[in-house]
Amino acid sequence: MDVEVENDPFETRRKGTRSLDAQGVDPKAEAKLVELLLGDNNDAGPGDTRDRLVRKLRSLADWMENREDRGARRERKKGRKRRCTGEIDVQNYNSRHVALEIAYFGWEYRGFASQKHVDDTVEQRLFDALRRTRLIHPKAQPEDLGYGRCGRTDKGVSALGQVVNLRLRSKAKRGAATLPVEEELDYMKMINKALPDDIRVLGWADVEDGFHARFKARGRRYKYYFPASLNLDLDEMAKAAEYFQGEHDFRNFCRMDALNVHCFRRRIRRCRICPVAGMCSDGDEPPLYFIDVVGSSFLWHQVRCMAAILFMVGRRQERPEIVRDLLDVDCYPRKPQYAMAPDLPLQLFSCDFDHLCFQRSVPGVESAISHVENLIDIERIKLQGMRSLRKKLGRFDGYSGRVSEGRHIPLSQRPTEKSYEERRTRIAHKMHSVES
């Protein structure tokens, strides 16, 4: 037999329209509910069963009340967090001039530096993270922050030691004394939480107001990786690499920008061919090598052009002395036309500064290490799939294991690009035409 309940005892308790006992339960509603549940069943026992049911009902009421209280507390906590995040006004805090050491895998980006009408740059992602964490004003531009970068890597190029400098919000309120470094915000951990998976801040350093990452750097170190499976003559490459060392005119080893660059002399402190130490291999993978280049500064695409010529020497298509000849502007006043080495294997490994010590918090380092290990696991899974595919393809008859190469035209016989002087003459003619 269906029974219609006219009043919800818990709803009446919430409205507070009836008297409640010490337990916060409406006695009349409780008695009504017990009566409905027990009915006229006298076989249920005397008051023992009734009391046990009353205790259960009161426990249920307490549980519902606590559940409502916990939900309300969670909502209040979320509200406070949202209000705190929205109320952070950068102008109410001191700013601090810092240098950030940054690592990134540039394979999916259009270079490091921001560009007009291009969003997918590493620098753009960095500033997006700084705005989300309220370390800079949401409308602040790089020039407002005294921003500077050490290197400007191209599309597809990665870095493990890029350095930038800018002013960030400090933990200290405006007008307060400058905080010691160990009491400052954990910039590393804060920024990394807002960055994409392939960009990470490795540390930060307190720098003076006049510091600029580009002009204060003593040098940069690049690594260009290549596998031993290319069967290159490493000894010949090492001989050719030695010719790069010292101060030379590198106009034949760069993409010339005659409008903005007028001096092509650069000093290379070291250029050598090195094996990758400590490689984990299952014996089926060929070892890796890298071209190690250290210099004070570099021209546009200089390292990739250097690597391209070294690979020609390694394939025995050119003599090691070709490097010496290309560095002689009298011998080669115009650059021979040749393709640069690919962008993906190039890495800006480090930037060298005097007296610059980067701060790395323990939580920040632990979080970064865990993140990188996850990325390694993902890439290992991908690599295993590629190995399986290679083995499967290797079973086909007629596969020799070699890739045919096109006919090589010696650099001395190739068409050449315009010289610097010819480019400047053309630029001057265009400017004169515009003015007239």
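Everything numeric here is computed off the predicted structure, so don't read it as measured data.
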Can any side-chain N or O of Arg169 pair as donor or acceptor with the backbone N or O of Arg134 at less than 3.5 Å? yes
Under the ring-ring contact (aromatic ring centres under 6.0 Å, His included) definition, can you give me all pairs with a residue in residues 149-179, not counting sequence neighbours? none
To the nearest 0.5 Å, atom CZ of Phe349 lies from atom CZ of Arg221 at 5.5 Å
Are the side chains of Tyr93 and Lys173 in contact, using a 4.5 Å heavy-atom criterion? yes
Return the OG to CG distance between Ser158 and Asp343, rounded to the nearest 0.5 Å. 9.0 Å
When you compare the side chain of Leu130 with that of Leu168, does any pair of heavy atoms fall below 4.5 Å? yes
Hey, what do you get for CE (Met340) to CZ (Arg304), rounding to the nearest 0.5 Å? 4.0 Å
Are any of the side-chain heavy atoms of Met188 and Val365 separated by less than 4.5 Å? yes
Taking every non-hydrogen atom, the tightest pair across Phe353 and Cys150: CZ-SG, 4.1 Å
Side-chain (Arg200) to main-chain (Ile102) donor-acceptor, under 3.5 angstrom: no
Are more than 12 heavy atoms from other residues, nucleotides or ligands located less than 6.0 Å from atom CZ of Phe105? no
Taking the side chain as every heavy atom from C-beta outward, state whether Arg110 and Gln115 have any pair of such atoms under 4.5 Å apart. yes
Looking at His262, I'd like to know if its NE2 atom is crowded, meaning that more than 12 non-hydrogen atoms belonging to other residues, nucleotides or ligands lie closer than 6.0 Å. yes
Set of residues satisfying side chain to side chain contact (heavy atoms under 4.5 Å, CB included) with respect to Ile409, sequence neighbours excluded: Arg407, Gln413, Arg414
So, Arg131 side chain and Pro138 main chain: donor-acceptor pair closer than 3.5 Å or not? yes
Just jot down the side chain to side chain contact (heavy atoms under 4.5 Å, CB included) partners of Arg316, sequence neighbours excluded, or say none. Asp233
Heavy-atom distance under 4.5 Å between the side chains of Ile322 and Val313, does that happen here? yes
Under the ring-ring contact (aromatic ring centres under 6.0 Å, His included) rule, collect the residues that match up with Phe290, sequence neighbours excluded. Tyr225
For a 4.5 angstrom cut-off between non-hydrogen side-chain atoms, does Leu100 reach Ile191? yes
Can Gln124 and Asp120 be counted as having a side-chain donor-acceptor contact under 3.5 angstrom? no
CZ/Arg424: more than 12 non-hydrogen atoms of other groups inside 6.0 Å: yes
Atom CG of Asp198 and atom CH2 of Trp107: how far apart are they, to the nearest 0.5 Å? 8.5 Å
Given Phe253, which partner from the list Tyr338, Phe264, Phe244 fulfils the ring pair (Phe, Tyr, Trp, His ring centres under 6.0 Å) test? Phe244
Kindly state each residue pair satisfying ring-ring contact (aromatic ring centres under 6.0 Å, His included) with at least one member in residues 171-196, sequence neighbours excluded. Tyr187-Trp204
Atom CD of residue position Gln91 - does it have more than 12 heavy atoms of other residues, nucleotides or ligands inside 6.0 Å? no
Do the non-hydrogen side-chain atoms of Leu232 and Met237 ever get within less than 4.5 Å of each other? yes
Ser388 (side chain) donor-acceptor with Gln384 (main chain) under 3.5 angstrom: yes
Compare all side-chain heavy atoms of Met190 with those of Val201 and state whether any distance is below 4.5 angstrom. no
Would the number of heavy atoms belonging to other residues, nucleotides or ligands and lying under 6.0 Å from CZ of Arg270 be above 12? yes
Is the number of heavy atoms from other residues, nucleotides or ligands under 6.0 Å of Glu108 CD greater than 12? no
Do you know which two heavy atoms are closest between Tyr289 and Pro275, and how far apart they sit? CD2-CA, 3.5 Å
Strictly by ring-ring contact (aromatic ring centres under 6.0 Å, His included), give each pair with a member in residues 143-180 just once, sequence neighbours left out. Phe127-Tyr147
By salt bridge (Lys or Arg N to Asp or Glu O under 4.0 Å) - contacts of Glu422 (at least two apart): Arg334
Side-chain (Gln359) to main-chain (Glu182) donor-acceptor, under 3.5 angstrom: no
Test: ring-ring contact (aromatic ring centres under 6.0 Å, His included). Region: residues 295-327. Which pairs qualify, not counting sequence neighbours? Tyr222-Phe298, Tyr224-Phe311, Phe226-Phe311
How would you list, by chain and number, every residue that makes a ring-ring contact (aromatic ring centres under 6.0 Å, His included) with Tyr109, sequence neighbours excluded? none
Please confirm whether the backbone N or O of Pro363 pairs with a side-chain atom of Ser367, one donor and one acceptor, at under 3.5 Å? no
For Val163 and Ala99, which heavy atoms make the closest approach, and how far apart are they? CG1-CB, 4.2 Å
Which salt bridge (Lys or Arg N to Asp or Glu O under 4.0 Å) pairs, counting each pair once, include a residue from residues 137-160, with sequence neighbours left out? Glu123-Arg149
Residue pairs passing the salt bridge (Lys or Arg N to Asp or Glu O under 4.0 Å) test with at least one member in residues 246-262, sequence neighbours excluded, are Glu247-Arg265, Glu247-Arg267, Asp249-Arg251, Arg251-Glu421
Does His97 offer a backbone N or O that forms a donor-acceptor pair with the side chain of Asn165 under 3.5 Å? no
Quick one: does Arg125's side chain have a donor or acceptor within less than 3.5 Å of a partner on Leu195's backbone? no
List the atom pairs, donor and acceptor, that lie under 3.5 Å between side-chain atoms in residues 205-216 and the rest of the protein, sequence neighbours left out.
from, atom 1, to, atom 2, distance (Å)
Asp206, OD1, Arg96, NE, 2.9
Asp209, OD1, Arg167, NH1, 3.0
His212, ND1, Arg214, N, 3.1

Spacing of NZ belonging to Lys171 relative to CG belonging to Asp186, to within rounding of 0.5 Å: 10.0 Å
Okay, side chain of Glu101, backbone of Phe358: is any donor-acceptor separation there less than 3.5 Å? no
Would you give the length of the straight line joining atom CD1 of Ile309 to atom CG of Asn252, rounded to the nearest 0.5 angstrom? 9.0 Å
